[in-house]
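Working notes, beginning with the structure itself.
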Amino acid sequence: MNKRHTFNGSIGFVLAAAGSAVGLGNIWRFPYLAAKGGGGLFVAVYIILALTFGFSLLTAEIAIGRKTRQSPLTAYSSLKKGWKFLGILSCLVPIIIFPYYCVIGGWVLKYLIVFITGKGNAAAADGYFSGFITSQWEPIIMFAIFLLAVAFIIFRGVNKGIEASSKIIMPALVVLVLAISIFSLTLTHTETITEETPVEAQATAEDAAASDAALATETLPQESSESTDSSANTTQIQQKTVTRTGLQGLGVYLIPNFDGLTVKDFFAILMNAMGQLFYSLSIAMGIMIAYGSYVSDDSNLVQSINRIEIFDTAVAILAGVMIIPAVYTFMGNEGMKAGPGLMFVVLPKVFSSMGIIGNLIGALFFIMVLFAALSSAVSVMEAIVSSLMDEFHISRTKALNLEGILGLIAGIIVCLGYNILYFEYKLPSGDIGQVLDIMDYVSNNILMPIVAIVTCIFVGYVIKTKTITDEITKNGEGFSRKIVFEVMIKFIAPALLFILFLKSAGIVTII
């Protein structure tokens with residue numbers, strides 16, 4: 001076996017790890033969860049959890065990777081015999097995620113091509129997205145192109161592939177995120193809306209009695225007539241001009257909204273923020289163990305983890321700044337209720353509303369999303385490839401070919417799940433799902449919480465937290481959040497994760 005490669009420096013590791021963390025989960029999922037979770041309230045809860053819960057799991061996984069120099073499939077058992085099952089569960093997550101993630105990457109590529117070719121208005125039409133994903137060949141072609149791009153980066157290896165691509169993709173992504181965010185805040189849109197207003201609401205205090213008497217006089221003789229539309233006498237059609245701005249949308253996003261907030265609502269926000277952290281920080285997927293195994297012994301892990309946290313959280317919040325003000329400006333509060341269809345259904349309509357510049361902004365947006373999707377897909381595939389290399393002692397090329405073939409077959413099945421293999425299955429959450437939705441549910445709602453819970457038990461009570469703290473401070477680094485790490489891993493995180501698992505599995509419905 002060849003000597004295990006390492007990142008050339010801490011910057012390469014941070015950019016690669018941040019590239020894994022900054023994926024579709026940040027740009028696609030974070031904004032709509034914030035929109036439905038009380039805006040700034042969700043953001044505040046997320047930041048607190050990122051600095052405690054997310055930080056603890058991220059630290060544990062990276063430290064395990066560097067200490068063992070192993071991939072997720074073999075790392076746990078190398079620390080403690082009998083724990084191979086945790087490695088298998090951890091490796092199953094990226095195996096399930098990779099095919100459908102590449103399918104979604106193909107969707108992003110399709111929309112990028114549409115906007116680059118100046119056909120953004122077509123993407124804004126009703127039924128465009130469903131028409132695309134239900135077609136038989138085009139989604140498969142786009143998926144295959146995206147898969148090949150990811151495989152090429154993995155083929156190039158740790159330094160020439162993952163690290164080199166991250167040093168190009170991540171700075172470009174940050175520039176695009178900042179540029180689109182600033183543009184989104186400058187938007188202004190004026191439109192005329194029609195409202196039906198009760199006549200009583202329009203009456204002044206002085207003439208209220210007279211109006212009521214007149215209304216009664218006019219309507220009473222006609223009450224027996226079925227042909228009379230009495231609503232015409234009680235409502236008034238009004239047109240008014242409304243102007244919305246990106247800065248107002250920013251307020252909707254960042255200012256906490258406590259209107260009608262219940263304890264159940266707060267727990268829902270808490271659980272959504274926890275679930276989002278799995279996407280945002282790439283934890284419980286084995287990815288950070290794989291990347292940690294490529295970090296040199298003299299690297300400052302504490303500093304690197306802090307940078308990954310800051311990078312990821314900043315991009316997640318900026319994703320909301322990019323999207324929510326723009327959607328609010330052109331579609332108001334209704335546009336905020338779009339859910340997962342925000343990126344492929346609502347945003348094209350927003351870009352179309354911008355006029356001539358819409359194609360340019362749409363193209364820049366989907367370039368940025370493509371960069372994010374690529375960097376994350378690379379990390380997911382690397383977790384699988386490195387596991388195959390360590391478990392079966394095969395070359396990178398052989399492991400890549402094996403995973404590439406499996407991923408291609410599974411991805412094609414996902415694509416066909418919207419046409420010839422279409423079916424409907426009711427998930428425990430109550431949602432109706434197809435192939436992609438089932439894979440997403442199993443990986444993210446079942447396996448990831450289980451992996452995270454068992455990892456907490458493994459670190460907190462089997463190998464002990466001292467094993468991790470010794471690893472990340474072995475060069476004399478300070479660890480200011482040591483107590484936070486130990487308390488979260490041993491007590492708080494397992495409890496929260498158990499609740500999340502019960503809720504995700506549909507077992508607990510009261511929160």
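Quantities reported herein were computed from a predicted structural model and do not represent experimental measurements.
Residues Tyr253 and Ile323 are not in side-chain contact: their nearest non-hydrogen atoms beyond the backbone lie 4.5 Å or more apart. A heavy-atom distance below 4.5 Å is found between the side chains of Tyr418 and Leu436. Met381 has its side chain within reach of Glu403: a pair of non-hydrogen atoms, C-beta onward, lies under 4.5 Å apart. No side-chain heavy atom of Val177 sits less than 4.5 Å from a side-chain heavy atom of Val174. At a threshold of 4.5 Å between non-hydrogen side-chain atoms, the residues Val158 and Thr6 do not count as touching. Phe13 is not listed as a side-chain neighbour of Tyr294, based on a closest heavy-atom distance of 4.5 Å or more. Inter-residue side-chain proximity for Leu318 and Ile180 is flagged as unmet; no heavy-atom pair is nearer than 4.5 Å. Residues Lys398 and Phe392 fail the side-chain proximity criterion, which asks for heavy atoms closer than 4.5 Å.
Residues Tyr291 and Ser282 have side chains that never bring a donor and an acceptor to within less than 3.5 angstrom of each other. Counted by atom type alone, Ser386 and Glu382 present zero donor-acceptor pairs between their side chains at under 3.5 Å.
Side chain of Ser20 to main chain of Ser376: no donor-acceptor pair is present (N/O by atom type, distance under 3.5 Å, no hydrogens or angles). No donor-acceptor distance shorter than 3.5 angstrom exists from the side chain of Arg396 to the backbone of Gly157, with no hydrogens or angles considered. Side chain of Ser299 to backbone of Val295: no donor-acceptor contact under 3.5 angstrom is found. Side-chain atoms of Ser375 come within 3.5 Å of backbone atoms of Gly19 as a donor-acceptor pair (strictly under, hydrogens ignored). Here the side chain of Gln70 pairs no donor or acceptor atom with the backbone of Ser78 at under 3.5 angstrom. One N or O on the side chain of Thr469 and one on the backbone of Lys466 form a donor-acceptor pair closer than 3.5 Å. Within the 3.5 Å criterion, the main-chain N or O of Ile162 finds a donor-acceptor partner in the side chain of Ser165. Asp390 contributes a side-chain N or O that, together with a main-chain N or O of Ser71, makes up a donor-acceptor pair within less than 3.5 Å. A distance-only check finds no donor-acceptor pair linking the side chain of Tyr100 to the backbone of Asp437 [under 3.5 Å].
Within 6.0 Å of the CD1 atom in Ile483, the count of heavy atoms belonging to other residues, nucleotides or ligands does not exceed 12. Other residues, nucleotides and ligands contribute only 12 or fewer heavy atoms inside 6.0 Å of the CZ atom of Phe498. At most 12 non-hydrogen atoms from other residues, nucleotides or ligands lie less than 6.0 angstrom from NZ of Lys482. Within a 6.0 Å radius of NZ in Lys474, other residues, nucleotides and ligands contribute more than 12 heavy atoms. Counted within 6.0 Å of CZ on Phe155, heavy atoms from surrounding residues, nucleotides or ligands total 12 or fewer; the atom is thus considered open. Around atom OH of Tyr422, more than 12 heavy atoms belonging to other residues, nucleotides or ligands sit under 6.0 Å away.
A distance of 10.0 Å separates CE of Met288 from CD1 of Ile305, quoted to the nearest 0.5 Å. The line from CD of Glu309 to OG1 of Thr59 is 7.0 Å long, rounded to the nearest 0.5 Å. For the atom pair CD1 of Ile432 and CZ of Phe423, the computed distance is 11.0 Å after rounding to the nearest 0.5 Å. Expressed to the nearest 0.5 Å, how far CH2 of Trp107 lies from CZ of Phe366 amounts to 12.0 Å. Note: Ser56 OG to Ile468 CD1 = 11.0 Å, rounded to the nearest 0.5 Å. Taking CG of Asp440 as the start and CD1 of Ile97 as the end, the distance is 7.5 Å to the nearest 0.5 Å.
Outside the 6.0 Å centre-distance limit, the rings of Phe85 and Tyr76 are not counted as a close aromatic pair. Aromatic ring centres of Phe115 and Phe365 lie farther apart than the 6.0 Å criterion allows.
Of all non-hydrogen atoms in Cys456 and Ile489, the two that sit nearest each other are CB-O, 3.4 Å. Taking every heavy atom of both residues into account, Ile96 and Ser443 meet most closely at CG2-CB, 3.9 Å. Residue Ala493 comes nearest to Phe53 through the heavy atom pair CB-CD1, 3.8 Å, listed as atom of the first residue, atom of the second, then distance. Across every non-hydrogen atom of Leu400 and Ala151, the tightest pair is CD2-O, 3.5 Å. Among all heavy-atom pairs drawn from Val435 and Gly417, the shortest one is CG2-CA, 3.9 Å. The nearest pair of heavy atoms linking Tyr111 to Pro348 is CE2-CG, 3.7 Å.
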- Query: What's the verdict on side chain to side chain donor-acceptor pair (under 3.5 Å) for Arg481 and Asn306, showing C-alpha distance, side-chain angles and the deciding distance?
  - Reply: CA-CA 11 Å; Arg481 283 186 280 175; Asn306 290 341; 2.7 Å; yes
- Query: When you look at Ile438 and Leu427, which way does the side-chain contact (heavy atoms from CB on, under 4.5 Å) test go after all the steps?
  - Reply: CA-CA 8 Å; Ile438 293 171; Leu427 298 168; 4.1 Å; yes
- Query: What's the verdict on side chain to side chain donor-acceptor pair (under 3.5 Å) for Ser280 and Gln276, showing C-alpha distance, side-chain angles and the deciding distance?
  - Reply: CA-CA 6 Å; Ser280 290; Gln276 175 61 26; 2.9 Å; yes
- Task: Carefully, step by step, assess Phe311 and Met170 under the rule side-chain contact (heavy atoms from CB on, under 4.5 Å).
- Result: CA-CA 10 Å; Phe311 201 115; Met170 294 314 295; 3.6 Å; yes
- Task: Give the intermediate values and the outcome of side-chain contact (heavy atoms from CB on, under 4.5 Å) for residues Met448 and Ser504.
- Result: CA-CA 11 Å; Met448 285 165 64; Ser504 300; over 6 Å; no
- Task: Go through the steps to decide whether Phe98 and Leu147 satisfy the test side-chain contact (heavy atoms from CB on, under 4.5 Å), and finish with yes or no.
- Result: CA-CA 9 Å; Phe98 183 67; Leu147 175 62; 3.3 Å; yes
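Using cut-offs of 30° and 60° for the angle between ring planes, the Phe42 and Phe30 rings count as perpendicular.
A salt bridge links Asp297 with Arg69: the distance from a Lys NZ or Arg NE/NH1/NH2 to an Asp or Glu carboxylate oxygen falls below 4.0 Å.
Qualifying salt bridge (charged side-chain N to carboxylate O under 4.0 Å, His left out) partners for Glu61, counting only residues two or more places apart in sequence or in other chains: none.
Among residues at least two apart or in separate chains, side-chain hydrogen bond (donor to acceptor under 3.5 Å, both in side chains) pairs with a member in residues 133-156 are Lys110-Glu138.
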